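Below is one structure, written out as structure tokens, with a few remarks after it.
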Amino acid sequence: MTAIVWIRRSLREHDNTALVEASKEHEKVIPFYCVDENYFENSTLGHPRVKFWHDSLKELRDNLGDEKGKELIVRKGKPVEELQKLIKETDADAVYHNRDYTPYSRERDQKVQEELEIPVETFKDIVMFEKEEILTNSGTPYKVYTYYSKKWFKNEKKRPQEVKEYKTPELESDEIPSLKELGYEKPEDMEVWEGGRENGLERIEDFKDKIWNYDENRDYAWKDATSKLSPHLKFGTVSIREVFWEAERIKARNPNDDTSGIKTWQEELAWRDFYIQVLWNWPETTEKPFLEQYEEIEWRSKEEAEEDWEAWINGETGVPFVDAGMRQLKKTGWMHNRLRMVVTSFACKDLWLDWKDVHEYFNKMFIDAEIASMVGGIQWAYSIGTDAQPYFRVFNPFTQGEDYDPDGKYIRKWVPELEDVPDEHIHKPHEMNQIEQENCGVKIGEDYPEPIIDHDEERKKAVERFEDKKD
Ligand SMILES: Cc1cc2nc3c(=O)[nH]c(=O)nc-3n(C[C@H](O)[C@H](O)[C@H](O)COP(=O)(O)OP(=O)(O)OC[C@H]3O[C@@H](n4cnc5c(N)ncnc54)[C@H](O)[C@@H]3O)c2cc1C
């Protein structure tokens, strides 16, 4: 009895549900990865994400190869065709894979179900609760997080599982194409995170001390107080069950301590599940607002608003906190959550940029691009999503900086031309007079731009536009 385990975004052996289940039923198991080269040709992904995926895939191949009798079989081509060839070569009885919930994956997986002639078994793996597992008392999917999360915490959760012994038959395996072959060499001047499970486990270790004060510190980007596990959860180098139960273990070992930091962190895992179930139940939200009344809003496309768009993506808006966030993204492929909210709110309520252009840009740039959380986050900030920020609550990007980066540490790191600006002007350097500018060596308008917007004016206009459409 031979099973093929088609690995996609769960790039690990430990607690990989499809692999665990296949190893229970089959002595011969073929962990299989299909590199779809057309995917790389036809998309414009940022280097950080491709590198993270590449590191993780290579590490998985090497780790399995180091274990006697196991191997990751890699093939280049189209998933359906490569699976069909492999089934023929090995006389496999079944294909196992973990479920994914994006519109693209659903279509791909449907095709595989229809075209393969052997059973295809699918498993929940990337979330704690999926699809319609958590419903309102009247049996409909949740649109509001607070009530959803109560059930999420109450429901029984699976624990991580080990795979049973298995052997991989001897088979030809293709080389994993290099980043150069895929056209994704490292651009100059980027700081790129390394992928792979080992790295993910180190992140978990490193976060164990920070988790206690997560609730107090998480909003301050300069404190580096969050787990930075998002790309690991995206590529499945660590599992959702592993990280949830690790947090529970920390709590259990210190029963008398205040565990609110741990609870707040687990809430974020629930947010991730929440948005994934929203995307599953309302897949059309990748294309249109969750709130129908805002479908007809006329946003400014990046072509129409070219100058503002360029200033926003390059971190040259003259609003230091926004610029710091956008530059962190450009340089590393990652951005702190507070900044994701602030820069997106700025794109909407100050620049009136089309949310779909913002989505396309984030999707290209984010190392942790998770469509559900991304669409959820963007539509939240744009006030057009489920459980979104009300349209009349508009972030002031200057005071957001004052509140969450009071000494300008984060700004100075990512906008180095403002390094010597005194604390009292770091959030509004354009308010410095000539002498103050000379004293700190920054000429506003030359070394760093004037703000491209008048926030009070843009806020008023944005609220009016929303009010026009709200019913
Ligand atoms: C506009 C916008 C776009 C976003 N796009 C993405 C995205 O593409 N991919 C992504 O993983 N997250 C996204 N988020 C959510 C959040 O910003 C990131 O998950 C978080 O910053 C990752 O850092 P961390 O791993 O240190 O998180 P931690 O604070 O340590 O949280 C732990 C984990 O919980 C999950 N999580 C945390 N916050 C959220 C949230 N608000 N919604 C859903 N899941 C969450 C992530 O998997 C994260 O790794 C977005 C948020 C906004 C506002």
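Keep in mind it's a predicted model, so treat the numbers as computed, not measured. Atoms within each ligand, like the ligands themselves, are counted from 1 in listed order.
Because its NZ or CZ atom is not both nearer than 6.0 Å to the ring centre of W245 and within 45° of the ring axis, R249 does not count as a cation-pi partner of that residue. Figure legend: K428 and F398 shown as a cation-pi pair, the cationic atom lying under 6.0 angstrom from the six-membered ring centre and within 45 degrees of its axis.
Regarding atom 33 (C) of ligand 1, its nearest protein heavy-atom neighbour is L269 CD2, 3.9 Å. Among protein heavy atoms, the minimum distance from atom 9 (N) of ligand 1 is reached at D368 O, 2.9 Å. Nearest to atom 1 (C) of ligand 1 among the protein's heavy atoms is T344 OG1, 3.4 Å. Looking at atom 16 (C) of ligand 1, its nearest protein heavy atom turns out to be N337 OD1, 3.3 Å. Atom 14 (N) of ligand 1 has R340 NH1, 3.8 Å as its closest protein atom, hydrogens excluded (heavy atom only). Residue, atom and distance of the protein heavy atom nearest to atom 38 (N) of ligand 1 are E268 OE1, 3.1 Å. The protein heavy atom nearest to atom 12 (N) of ligand 1 is S373 CB, 3.7 Å. Protein heavy atom nearest atom 31 (O) of ligand 1, with residue, atom name and distance: W265 NE1, 3.5 Å.
Taking the six-membered ring where the residue is Trp, the centroids of W6 and Y96 are separated by 6.0 Å or more. Aromatic ring centres of W352 and F466 lie closer together than 6.0 Å. Between W222 and Y404, the ring center distance fails the sub-6.0 Å criterion. In summary, the aromatic rings of H430 and Y448 are positioned with their centroids too far apart to meet the 6.0 Å limit.
Put simply, part of Y214 is less than 4.0 Å from ligand 1, judged by heavy atoms. Assignment of R218 to the shell around ligand 1 is not supported, since no heavy atom sits closer than 4.0 Å. Under a 4.0 angstrom heavy-atom cut-off, A369 registers as being in contact with ligand 1.
A tilted orientation is assigned to the rings of F207 and W265, their planes being inclined by 30° to 60°. Between W271 and F274, the angle of the ring planes goes over 60°, which puts this pair in the perpendicular group of the 30/60° scheme. Using bins of under 30°, 30° to 60° and over 60° for the plane-to-plane angle, the ring pair W152/F244 lands in the perpendicular bin. Taking the six-membered ring where the residue is Trp, H359 and W355 present parallel rings, their angle staying beneath 30° rather than reaching 60°.
On a distance-only criterion, E370 and ligand 1 share at least one N/O pair closer than 3.5 Å. Checking only distances, G377 never comes within under 3.5 Å of ligand 1, N or O to N or O.
The ligand atoms of ligand 1 that sit less than 4.0 angstrom from a heavy atom of L229 are 25 (O), 49 (O). Listed by number with element, the atoms of ligand 1 under 4.0 angstrom from any heavy atom of L233 are 47 (O), 49 (O). Atoms of ligand 1 found under 4.0 Å from any heavy atom of R272 (numbered from 1 in listed order, with element): 43 (C), 44 (N), 47 (O). In the vicinity of K228, heavy-atom distances shorter than 4.0 Å reach the ligand 1 atoms 24 (P), 25 (O), 26 (O). Heavy-atom contacts of F366 reach the following atoms of ligand 1: 3 (C), 4 (C), 5 (N), 8 (O) (cutoff under 4.0 Å). Applying the 4.0 Å criterion to heavy atoms of Y275 picks out, from ligand 1, the atoms 42 (N), 43 (C). Residue S230 has at least one heavy-atom neighbour below 4.0 Å for each of these atoms of ligand 1: 11 (O), 22 (C), 23 (O), 25 (O), 49 (O).
The heavy atom nearest to atom 40 (C) of ligand 1, considering only F207, W271, W334, is found in W271. Nearest-residue assignment for atom 27 (O) of ligand 1 (options A247, G376, A270, S227; heavy-atom criterion): S227.
Of all heavy-atom pairs spanning H14 and E242, the tightest one is CD2-OE2, 3.5 Å.
Within a 6.0 Å radius of CD in E292, no more than 12 heavy atoms belonging to other residues, nucleotides or ligands are found.
Salt bridge absent: D405 and K223 never bring a charged side-chain N and a carboxylate O closer than 4.0 Å.
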